[in-house]
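Notes follow the structure.
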Amino acid sequence: MEINSTYLESVHKQFLYYKTLGEKAMQQLAPEQLFIAVNNDTNSIAVIVQHLSGNMVSRWTDIFTTDGEKEWRNRDSEFEMILTTPEEVWNSWNVGWDCFFNTLNNLQQNQLETIIYIRNEGHTILEAINRQLAHYPYHIGQMVFYAKMLKNTPWESLSIPKNKSGDYNKNKFSQEKTIKNFTDDEIKKLS
């Protein structure tokens, strides 16, 4: 397997993992909690979703022919409360991820060195993917942290539960060595 196809497979799994973390965090909340912002300098989970979706649709639509910062994108409005129902939040979430995965899944390994532009700055597609692999988990981490603060009932851990690292490691080390992406088991566990 060539390194580029391994890379594309790996990043696909990592993005899917973080998408799933965001979904599992939102699913633990009461619908109205998606819209809570504790002060003017924080964003509700709904606003974070709005921003992620806006970024994904802008960055990954027509990547070979248009700048990733589309003229029609109004980034500032992504930080205003536009979404008002849980259905709108989930729809925005899915629109963004569908656009992103549609582009990612159609990339060919020989395109990773192709130059595309984001705000007139040239990036290889590989660099653009890495840029978003830092950006999207950053915001999903905010969502998870915020969801844990907002949840009124016990939190269902999305990773290794507190005080369970020993059990987790014991299970991992009881298995034969294997080469696989860390997300393979984690996505199954979250599903």
Side-chain angles (χ1 to χ4, degrees), residues 8 11-107 116-119 123 125 128-153 155-156 158-159 183 186-187 189-191:
L8 287 171
V11 295
H12 182 274
K13 288 178 180 183
Q14 289 180 61
F15 279 112
L16 181 59
Y17 171 70
Y18 286 108
K19 175 183 183 282
T20 304
L21 283 180
E23 290 169 353
K24 293 299 180 180
M26 289 190 289
Q27 289 168 351
Q28 291 194 51
L29 297 176
E32 63 275 7
Q33 290 176 310
L34 295 171
F35 303 94
I36 295 173
V38 296
N39 61 45
N40 289 337
D41 292 323
T42 60
N43 296 309
S44 68
I45 289 173
V47 166
I48 295 169
V49 166
Q50 208 168 252
H51 167 60
L52 282 170
S53 183
N55 179 279
M56 290 175 184
V57 172
S58 182
R59 294 288 183 266
W60 301 104
T61 299
D62 302 323
I63 64 169
F64 294 108
T65 57
T66 61
D67 192 282
E69 186 67 15
K70 303 295 186 275
E71 290 181 14
W72 43 258
R73 181 182 185 202
N74 183 350
R75 184 183 179 280
D76 291 337
S77 73
E78 293 168 11
F79 296 96
E80 297 170 10
M81 188 64 74
I82 296 171
L83 305 175
T84 59
T85 67
E87 295 77 21
E88 289 175 333
V89 172
W90 284 102
N91 182 58
S92 182
W93 178 261
N94 290 324
V95 165
W97 283 105
D98 288 349
C99 179
F100 169 71
F101 278 123
N102 182 52
T103 299
L104 184 67
N105 292 340
N106 285 298
L107 287 174
I116 61 171
Y117 291 88
I118 300 173
R119 295 186 180 109
H123 297 61
I125 290 179
I129 291 169
N130 287 344
R131 177 176 174 161
Q132 301 316 307
L133 191 53
H135 183 214
Y136 301 160
Y138 167 80
H139 286 303
I140 291 167
Q142 291 174 325
M143 292 169 59
V144 171
F145 182 75
Y146 207 18
K148 288 171 83 170
M149 289 176 32
L150 293 170
K151 185 150 165 71
N152 296 323
T153 57
W155 180 257
E156 293 176 34
L158 303 177
S159 61
T183 62
E186 298 305 313
I187 291 172
K189 188 170 68 176
L190 290 170
S191 297

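Numbers for residues simply follow the sequence, beginning at 1.
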Open item on the list: Quick one, Leu34 with Val49, criterion side-chain contact (heavy atoms from CB on, under 4.5 Å). Give me CA distance, side-chain angles, the key distance, then yes/no.
Closed with: CA-CA 10 Å; Leu34 295 171; Val49 166; over 6 Å; no

Task: Asn152/Gln33 under side-chain contact (heavy atoms from CB on, under 4.5 Å): CA gap, chis, key distance, verdict - done: CA-CA 10 Å; Asn152 296 323; Gln33 290 176 310; 3.5 Å; yes

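Between the side chains of Tyr146 and Asn43, not a single donor N or O lies within less than 3.5 Å of an accepting N or O.
Counting heavy atoms from C-beta on, the side chains of Ile140 and Leu52 come closer than 4.5 Å. Using a 4.5 Å cut-off on side-chain heavy atoms (C-beta onward), Trp155 and Val144 make contact. In this structure, Thr20 and Tyr17 have side chains that are not in contact, with every pair of non-hydrogen atoms separated by 4.5 Å or more.
Separation of atoms NZ (Lys148) and CG (Leu158) is listed at 7.5 Å; rounding is to 0.5 Å. One finds the CD1 atom of Ile118 at 6.0 Å from the CD atom of Gln132 (value rounded to the nearest 0.5 Å). Interatomic distance, Lys13 NZ to Tyr18 OH, rounded to the nearest 0.5 Å: 15.0 Å. Within the model, atoms OG1 of Thr42 and CG of Asn40 stand 8.0 Å from one another, a figure rounded to the nearest 0.5 Å. Residue Ile129 holds its CD1 atom at 11.0 Å from NE2 of His12, rounded to the nearest 0.5 Å. Note that CG of Leu150 is 6.0 Å distant from CG of Leu29, once rounded to the nearest 0.5 Å.
Listed here is the closest heavy atom pair of Thr183 and Gln14: CG2-CA, 4.1 Å. Ala37 and Ser44 make their closest contact through CB-N, 4.0 Å (heavy atoms, listed as atom of the first residue, atom of the second, distance). Summarising the geometry of Ala46 relative to Val89, their closest heavy-atom pair is CB-CG2, 3.7 Å, with the distance given to 0.1 Å. Residues Ser77 and Ile82 approach most closely at O-CD1, 3.2 Å, considering heavy atoms. In terms of heavy atoms, Arg119 sits closest to Asp67 at N-OD1, 2.7 Å. The two residues Asn106 and Asn102 have their closest heavy-atom pair at ND2-O, 2.6 Å.
The closest donor-acceptor contact from the side chain of Ser53 to the backbone of Gln50 lies at 3.5 Å or more, if one exists at all. Under a 3.5 Å cut-off, the side chain of Gln28 and the backbone N or O of Glu156 do form a donor-acceptor pair. Without hydrogens or angle criteria, Asn94 side chain to Trp90 main chain gives a donor-acceptor distance under 3.5 Å.
Residues passing the side-chain contact (heavy atoms from CB on, under 4.5 Å) test with Asn130 are Tyr7, Leu126, sequence neighbours excluded. Remark: Lys19 engages Glu23 in a salt bridge (Lys or Arg N to Asp or Glu O under 4.0 Å) (not counting sequence neighbours). Looking at residues two or more places apart in sequence or on another chain, you find a side-chain contact (heavy atoms from CB on, under 4.5 Å) between Thr61 and Val57, Lys70, Cys99.
Counting only residues at least two apart or in different chains, ring pair (Phe, Tyr, Trp, His ring centres under 6.0 Å) contacts with residues 26-48 are absent. Pairs passing the salt bridge (charged side-chain N to carboxylate O under 4.0 Å, His left out) check and including a residue from residues 72-82, sequence neighbours excluded, read Glu69-Arg73, Arg73-Glu78. Residue pairs meeting the ring pair (Phe, Tyr, Trp, His ring centres under 6.0 Å) criterion with at least one member in residues 51-83, sequence neighbours excluded: His51-Phe79, His51-His135, His51-His139, Trp60-Phe100.
The environment of CD in Glu71 is sparse: at most 12 heavy-atom neighbours from other residues, nucleotides or ligands sit within 6.0 Å.
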